[in-house]
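Below is one structure, written out as structure tokens; comments come after it.
Computed from a prediction, not measured in an experiment: that's the story for all the values here.
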Amino acid sequence: MSKSITKIISGAGTIIHLFVIPVFVLVFTIYYRPLVIYEGLSMANASFTFNATILFSILFVTISITRGCLYLIGRFKELSVIPYLSWCLAETVISALFCALYIVLMSDGLSFFETAGKAFISLFAMVIYPYAFLWFGFELRSRTAEEPAQAEDTSLIRFYDEYKKLRFVIAPEAVMFIKSEDNYVQIHYLDKNTTKKFVLRSSMRALEEDVAKHGLIRCHRSYFINPNYIKIVHRDSSGLIVAELNQDGFDSIPISRKYQNEITRLL
């Protein structure tokens with residue numbers, strides 16, 4: 001997933017889009033009064049400004065729903081550039097349809113499909129600016145955030161949360177294992193011979209590339225393990241392959257069959 005898209009569909013990015021796009025459209029419409037929109041909103045039974053405000057409300061509600069759905073999808077599935085751009089286009093189409101429906105209901109004799117086409121063209125011509133501006137802003141922010149990281153000590157593991165904020169830094173040799181639990185991961189580590197745990201809101205998939213670079217390996221869909229802390233690998237009473245740690249106080253860590261050969265090779 002592009003880091004800028006990750007930020008765009010985060011909670012903060014969702015709220016920013018929710019307000020910036022409808023406000024931009026409202027201000028642009030009232031101030032510049034594009035001819036196509038002005039003709040559609042200049043009705044005998046309501047003023048142009050009133051109708052523009054109603055369309056702002058329609059746009060606000062529509063984007064609230066679409067961005068809310070996108071935020072939920074982003075928590076469980078990675079999105080690339082093309083799916084995100086497709087979502088933005090669909091968002092614009094849906095908004096245009098609802099705006100056209102309002103105009104047709106408030107007017108006499110207008111064709112819905114003709115009005116919807118004009119609404120889409122007008123809306124697309126306006127929202128492309130805030131969409132592009134916000135994308136550029138999030139992309140610039142992502143690149144700026146990456147620059148200090150390039151100069152950081154690469155011998156340490158840096159754990160970032162789902163919003164790409166740095167939450168925890170530790171030497172890889174201190175990490176015993178990482179366990180996934182719901183939307184969080186538990187990082188179990190040694191600190192001056194004392195076992196501790198750090199809970200991070202993230203996913204195993206988001207961590208996998210970084211922890212693998214520092215010697216931790218995947219042994220189960222819910223576990224990463226440091227081979228240096230494995231005491232023995234065996235089958236438990238139920239026949240499952242498990243690893244026992246050389247530190248007291250921990251349950252056996254399950255090892256999936258697909259990872260068994262890799263674990264055995266490293267011991």
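Residues Gln260 and Ile241 have side chains in contact (heavy-atom distance under 4.5 Å, counting atoms from C-beta outward). At a threshold of 4.5 Å between non-hydrogen side-chain atoms, the residues Asn226 and Ile217 do not count as touching. Between Asn183 and Ser203, every side-chain heavy-atom pair lies at or beyond the 4.5 Å cut-off. Looking only at side-chain heavy atoms (C-beta outward), Val233 and Val242 stay at 4.5 Å or farther from each other. Looking at heavy atoms from C-beta onward, Phe138 lies in side-chain contact with Ile16 at the 4.5 angstrom threshold. Using a 4.5 Å heavy-atom cutoff, the side chains of Ile54 and Tyr102 are in contact. Put simply, the side chain of Phe168 does not reach to within 4.5 Å of the side chain of Ile157, judged on heavy atoms. No side-chain heavy atom of Arg67 sits under 4.5 Å from any side-chain heavy atom of Leu18.
With sequence neighbours left out, Leu240 forms a side chain to side chain contact (heavy atoms under 4.5 Å, CB included) with Asp236, Ser238. Residues satisfying the side-chain hydrogen bond (donor to acceptor under 3.5 Å, both in side chains) test with Asp210, not counting sequence neighbours, are none. With sequence neighbours excluded, the residues that form a side-chain hydrogen bond (donor to acceptor under 3.5 Å, both in side chains) with Tyr131 are Glu91.
Looking at every heavy atom in both residues, Ala100 comes nearest to Ala116 through CB-CA, 3.4 Å. Of all heavy-atom pairs between Phe112 and Val104, the closest is CA-CG2, 3.7 Å. Residues Glu162 and Thr6 come closest through the heavy atom pair O-CG2, 3.9 Å. A pairwise comparison of heavy atoms in Ile9 and Thr14 identifies O-OG1, 3.7 Å as the closest pair. Shown here for Phe159 and Leu207, the closest heavy-atom pair between the two residues is CD2-CD2, 3.9 Å.
For an aromatic pair to be called close, the ring centres must be under 6.0 Å apart, and Tyr189 with Phe177 fails this.
Atoms NE2 and CD1, from His17 and Ile8 in turn, are 5.5 Å apart once rounded to the nearest 0.5 Å. Leu200 CG to Ile187 CD1: the interatomic distance, rounded to the nearest 0.5 Å, is 5.0 Å. From Ile58, atom CD1 reaches atom OG of Ser95 across 9.5 Å, with rounding to the nearest 0.5 Å. Rounding to the nearest 0.5 Å places CZ of Arg205 at 9.0 Å from CZ of Arg218. Going from atom NZ of Lys165 over to atom OG of Ser10 covers 9.0 Å, rounded to the nearest 0.5 Å. The CD1 atom of Ile225 lies 10.0 Å from the CE atom of Met176; values are rounded to the nearest 0.5 Å.
Under the 4.5 Å side-chain heavy-atom criterion for grouping Ile, Leu, Val, Met, Phe, Trp and Tyr, Leu105 is connected to Leu97 within one hydrophobic cluster. Hydrophobic clustering (side-chain heavy atoms under 4.5 Å, transitive across Ile, Leu, Val, Met, Phe, Trp, Tyr) groups Ile63 together with Leu101. Put simply, Val127 and Tyr129 are part of the same group of oily side chains (I, L, V, M, F, W, Y) that touch within less than 4.5 Å, one to the next. Ile94 and Val61 fall into different hydrophobic clusters, where Ile, Leu, Val, Met, Phe, Trp and Tyr side chains are chained together by heavy-atom contacts under 4.5 Å. Criterion: ILVMFWY side-chain heavy atoms under 4.5 Å apart, direct or through other members. Under it, Ile128 and Leu123 are part of a common hydrophobic cluster.
At least one donor-acceptor pair closer than 3.5 Å links the side chain of His214 to the backbone N or O of Leu156. The backbone N or O of Ser202 sits nowhere less than 3.5 Å from a side-chain atom of Asp161 that would complete a donor-acceptor pair. Tyr184 contributes no side-chain N or O that, together with a main-chain N or O of Lys179, makes up a donor-acceptor pair within less than 3.5 Å. Between the side chain of Thr194 and the backbone N or O of Leu190 there is no donor-acceptor pair closer than 3.5 Å.
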Would you tabulate the side-chain donor-acceptor contacts of residues 21-28 under 3.5 Å, counting partners in other chains and residues two or more places apart, or write 'none'?
none

For residues 247-258, please give each side-chain donor-acceptor pair under 3.5 Å, one per line with the distance, not counting sequence neighbours.
residue: Ser252; atom: OG; partner: Glu244; partner atom: OE1; Å: 3.1
residue: Ser252; atom: OG; partner: Glu244; partner atom: OE2; Å: 2.5

Checking side chain to side chain contact (heavy atoms under 4.5 Å, CB included) for the pair Ile230/Asn246: CA distance, chi angles, key distance, verdict?
CA-CA 6 Å; Ile230 298 177; Asn246 55 20; over 6 Å; no
Derivation and outcome, side chain to side chain contact (heavy atoms under 4.5 Å, CB included), residues Lys231 and Leu245:
CA-CA 5 Å; Lys231 180 179 180 181; Leu245 299 181; 5.9 Å; no
Test side chain to side chain contact (heavy atoms under 4.5 Å, CB included) applied to Leu55 and Phe60, step by step:
CA-CA 8 Å; Leu55 293 187; Phe60 182 85; over 6 Å; no
Just do the side chain to side chain contact (heavy atoms under 4.5 Å, CB included) check on Val93 and Phe120 with the steps written out, would you?
CA-CA 6 Å; Val93 170; Phe120 171 73; 3.6 Å; yes
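Sorted by first and then second residue, the ring-ring contact (aromatic ring centres under 6.0 Å, His included) pairs with a member in residues 64-86 read Tyr84-Trp135; sequence neighbours excluded.
Applying the 6.0 Å contact sphere to OH of Tyr163 captures more than 12 heavy atoms from other residues, nucleotides or ligands.
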